[in-house]
Amino acid sequence: MPASLPPGLPIVPSGPSEPSGFTMSPDEFEAAVQDALASIPARLARAMDNVAVFIDDDYVPGPGEDPDTVLLGLYEGVPLTERDSWWEAGSLPDRITIFREPILRICDSKDDVIHEVAVTVVHEVAHHFGISDDRLHELGWG
């Protein structure tokens, strides 16, 4: 798996030299995501508040975004560090989405997929806790 592809950040495929990818059933992929979530230390898991995790096939860039944008994961919401006393009044859950197809495209084996899913889940959960992409890169999770 190419080390140059950061989990959870926009990436642009480099063309014909791309890895061929790995095939995995949706159920197997979901199990990898569940295992990654289960590996979060209990103290941190208990601190997660009003966040839902989803799996989607692929990221669809919105209006004004580069149509070639590829994401492995996406956090949408208000990080715990930015919530105030009014936040809970009718707030929808934060959303973490893990994108199956881009992860499978950059992986060559089941072990690669499991590793990339784990890194992507940790990366997106860290955003829920207010950790920036810059800090995640410093910590080796970028």
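In what follows, every heavy atom counts, from backbone to side chain, and hydrogens, waters and symmetry copies are set aside.
Counting heavy atoms from C-beta on, the side chains of Phe22 and Ile106 never come closer than 4.5 Å. Using a 4.5 Å heavy-atom cutoff, the side chains of Thr69 and Pro61 are in contact. At a threshold of 4.5 Å between non-hydrogen side-chain atoms, the residues Cys107 and Ile103 count as touching. Using a 4.5 Å cut-off on side-chain heavy atoms (C-beta onward), Arg135 and Leu139 make contact. Inter-residue side-chain proximity for Val70 and Tyr59 is flagged as unmet; no heavy-atom pair is nearer than 4.5 Å.
From Thr23, atom OG1 reaches atom CD of Glu28 across 10.0 Å, with rounding to the nearest 0.5 Å. Between Thr97 atom OG1 and Asp56 atom CG the span is 6.5 Å, to the nearest 0.5 Å. In this structure, the separation between CG on Leu136 and CD on Glu124 is 8.5 Å, given to the nearest 0.5 Å. Atom-to-atom distance recorded for Phe99:CZ and Ile55:CD1 is 11.0 Å, nearest 0.5 angstrom. With rounding to the nearest 0.5 Å, the separation of CG in Leu72 from CZ in Arg105 is 9.0 Å.
Looking at Asp58, its side chain never comes within 3.5 Å of a backbone N or O of Glu101 through a donor-acceptor pair. Proximity of a side-chain donor or acceptor of Glu65 to a complementary backbone N or O of Gly62 within less than 3.5 Å is detected. Here the side chain of Arg100 pairs a donor or acceptor atom with the backbone of Met24 at under 3.5 angstrom. For Glu82 (side chain) and Pro79 (main-chain N/O), no donor-acceptor pair under 3.5 Å exists by modelled atom type.
A donor atom on one side chain and an acceptor atom on the other are found under 3.5 Å apart for Asp133 and His123.
Phe54 and Leu74 fall into different hydrophobic clusters, defined by Ile, Leu, Val, Met, Phe, Trp and Tyr side-chain heavy atoms under 4.5 Å apart, directly or through other members. Hydrophobic clustering (ILVMFWY, side-chain heavy atoms < 4.5 Å, transitive): Val60 and Ile96 are in distinct clusters. Cluster annotation: Ile114 is not connected to Val117 through the hydrophobic network of ILVMFWY side chains, with a link wherever side-chain heavy atoms come within less than 4.5 Å.
Counting all heavy atoms, side chain and backbone alike, Asp108 lies closest to Asp112 at N-OD2, 3.1 Å. What you find for Ala52 and Pro93 is that their closest heavy atoms are N-CB, 4.4 Å. Between Leu104 and Phe29, the shortest heavy-atom distance links the atoms CD2-CD1, 4.3 Å.
Note: Tyr75 and His127 have tilted aromatic rings, judged against thresholds of 30 and 60 degrees for the angle between ring planes.
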- Please test Met48 against Val125 for side chain to side chain contact (heavy atoms under 4.5 Å, CB included), starting from the C-alpha separation and ending with a verdict. CA-CA 8 Å; Met48 292 174 69; Val125 167; 4.0 Å; yes
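With His128 as the partner, the side chain to side chain contact (heavy atoms under 4.5 Å, CB included) test is satisfied by one option alone out of Val78, Asn50, Asp94, Thr81: Asp94.
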